[in-house]
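Here is how names work: the chains are called A, B, and so on, in the same order as the sequence lines, proteins then strands, and each is numbered from 1.
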There are 2 protein chains.
Amino acid sequence: MRKFDDSIPLKLLKAREASMNFFRPVLQEIPLTEQQWRVIRALYEYKELESKQLADLCCILSPSLTGIISRLEQQGYIQRRKSTEDQRRVLISLTQQAIDMFERVSPTLEARYRAMAEQFSDENMELLHDLLNKLCKIKP
Amino acid sequence: MRKFDDSIPLKLLKAREASMNFFRPVLQEIPLTEQQWRVIRALYEYKELESKQLADLCCILSPSLTGIISRLEQQGYIQRRKSTEDQRRVLISLTQQAIDMFERVSPTLEARYRAMAEQFSDENMELLHDLLNKLCKIKP
DNA sequence: TTATTGTCATTAATATATTAACTAAAGTCC
DNA sequence: GGACTTTAGTTAATATATTAATGACAATAA
């Protein structure tokens, strides 16, 4: 039978942990959680997003996102407004404070990312990106 | 600057989600959570483990494991005993009920795993295993 | 227009993740 | 032996994950 460690989901989890070890210390000093940073990073790039789009991009389920959003709002990092056309939709964007914080912190994280890529090798990096893209497309 | 989607940690997360979609429905019918199954699977293979070893194998932090263990114990799936040499250590093992359940359910999960591997291709599977092993070894 | 159906975000309930603090039991040094 | 340090497991507090259910709004069909 297949051995315990011969499991793709488990290895994906462990590999993610290994990669996150490069970034966690930086985020802890801000302080921001991993998920909060993911949300902020998405909003920095897309400017304004609906809650559902944000959840999909960040791979966070809606009920979790509701809490993350409200905590980030309390910290002054994001603002929300209701869509004028569709009163159900909520549009979310970063505050200037968040933009400033992002631009201050991201160089450090980018440096950590390069350190990780260097240790892993750019070639493996590219290979892994491809494989993960393919894996994301499989459907049960 | 690096784009939002060009992130290894995020892709590892999304790939893991895609792969777990093959197994979640099976586990939900037992019902067991993903983490509970990971613990049971490890114990089925290693027979008896200390809490710390189990945490390391399953990639679950000790405080989380404490809760998972106590819930599995309540459900009659595991039993614990104190080590005789070192009174700090707790040794955990499956009950017969859990062994029976495991042997009943695992064929279905193995079939799902083969379906996943087939869709992804065995070649990609092997390549991904290698890359993830390498990635697990990097240190900040 | 009304009744039906579907969608978006949230709430509720439970399980897990994360960091810090704590307890009990070993191990170490003197 | 006694003070110090370390280790295994747990508890505490907060954040997130997961599924089900809800409320408000929108789209659609009769």
Side-chain angles (χ1 to χ4, degrees), chain A residues 9-10 12-14 16-17 20-21 23-40 48-75 77-78 80-92, chain B residues 9-10 12-14 16-17 20-21 23-40 48-75 77-78 80-92:
Chain A
L10 180 58
L12 288 167
L13 183 61
K14 292 196 171 183
R16 184 164 201 281
E17 279 306 301
M20 283 308 298
N21 286 336
F23 311 111
R24 249 190 267 278
V26 182
L27 295 178
Q28 278 180 308
E29 285 197 352
I30 303 179
L32 283 177
T33 68
E34 192 182 317
Q35 292 87 341
Q36 288 172 335
W37 179 255
R38 227 184 305 154
V39 165
I40 289 173
E48 190 172 58
L49 286 169
E50 294 175 16
S51 183
K52 193 173 189 184
Q53 298 175 304
L54 193 53
D56 192 50
L57 280 169
C58 296
C59 207
I60 292 174
L61 295 177
S62 294
S64 299
L65 191 56
T66 296
I68 295 170
I69 291 303
S70 72
R71 279 179 287 272
L72 283 175
E73 194 177 26
Q74 281 184 351
Q75 296 175 270
Y77 285 132
I78 66 167
R80 39 175 146 187
R81 65 181 185 88
K82 285 215 166 188
S83 165
T84 48
E85 316 95 58
D86 189 336
Q87 289 294 102
R88 292 169 304 181
R89 290 175 159 78
V90 179
L91 294 169
I92 304 163
Chain B
L10 180 58
L12 288 167
L13 183 62
K14 291 196 171 183
R16 181 163 204 282
E17 278 306 301
M20 282 308 299
N21 286 337
F23 311 111
R24 247 191 268 279
V26 182
L27 294 178
Q28 279 179 309
E29 285 197 352
I30 304 179
L32 283 176
T33 68
E34 195 182 314
Q35 293 87 340
Q36 289 172 335
W37 180 254
R38 229 184 303 155
V39 166
I40 288 173
E48 190 172 55
L49 287 169
E50 292 174 17
S51 183
K52 193 173 190 184
Q53 299 174 305
L54 193 54
D56 192 50
L57 279 169
C58 296
C59 206
I60 293 174
L61 295 176
S62 293
S64 298
L65 191 57
T66 295
I68 295 170
I69 290 302
S70 72
R71 278 179 288 273
L72 283 175
E73 195 177 25
Q74 282 183 351
Q75 296 176 267
Y77 285 133
I78 67 167
R80 37 175 146 188
R81 65 182 186 89
K82 283 215 167 189
S83 164
T84 49
E85 316 95 58
D86 189 335
Q87 290 294 102
R88 291 170 305 181
R89 289 176 159 77
V90 180
L91 294 169
I92 304 163

What's the closest nucleotide to the side chain of [X] if the choices are [options]?
X: A:Pro63; options: D:dC25, C:dT18, C:dT10; result: C:dT10
X: A:Arg71; options: D:dT16, D:dT19, D:dC25; result: D:dT16
X: A:Leu61; options: C:dA9, C:dT19, D:dT18; result: D:dT18

Closest approach of B:Thr84 to B:Gln87 (non-hydrogen atoms, all atoms of both residues) | O-OE1, 3.7 Å
Contact summary for A:Cys59 and B:Lys14, nearest pair of heavy atoms = SG-CG, 3.9 Å
Can you tell me how far [atom2] of [N] sits from [atom1] of [X], to the nearest Å?
X: A:Ile68; N: C:dA9; atom1: CD1; atom2: C1'; answer: 14 Å
X: A:Gln53; N: C:dC8; atom1: CD; atom2: P; answer: 10 Å
X: B:Leu65; N: C:dT18; atom1: CG; atom2: P; answer: 13 Å
X: A:Glu50; N: D:dA26; atom1: CD; atom2: C1'; answer: 13 Å
X: B:Glu73; N: D:dG9; atom1: CD; atom2: P; answer: 14 Å
X: B:Leu32; N: D:dA17; atom1: CG; atom2: C1'; answer: 17 Å
X: A:Lys52; N: C:dT7; atom1: NZ; atom2: C1'; answer: 7 Å
X: B:Leu13; N: D:dA17; atom1: CG; atom2: C1'; answer: 11 Å

Think [X] has a side-chain N or O under 4.0 angstrom from the OP1 or OP2 of [N]?
X: B:Gln35; N: C:dA15; result: no
X: A:Arg88; N: C:dG6; result: no
X: A:Arg89; N: D:dA24; result: no
X: A:Arg38; N: D:dA15; result: no
X: B:Gln36; N: C:dA15; result: no
X: B:Thr33; N: C:dT16; result: yes
X: A:Ser64; N: D:dA17; result: yes
X: B:Arg80; N: D:dT10; result: yes

Flag side-chain contact, heavy atom, 4.5 Å: A:Ile69 against A:Leu54 | yes
Hey, does B:Gln36 have a side-chain heavy atom less than 4.5 Å from the side chain of B:Pro31?
-> no
Any donor and acceptor pair, going by atom type alone, linking the side chain of A:Arg16 with main-chain N or O of B:Leu12 inside 3.5 Å?
-> no
Carboxylate-amine/guanidinium contact A:Arg24 A:Glu17, below 4.0 Å = yes
Starting at the 5' end of DNA chain D and moving along, which residue's nearest nucleotide shows up first, A:Gly67 or B:Leu91?
-> B:Leu91
Most 5' of B:Ile60 and B:Asp86 on DNA chain C, judged by nearest nucleotide = B:Ile60
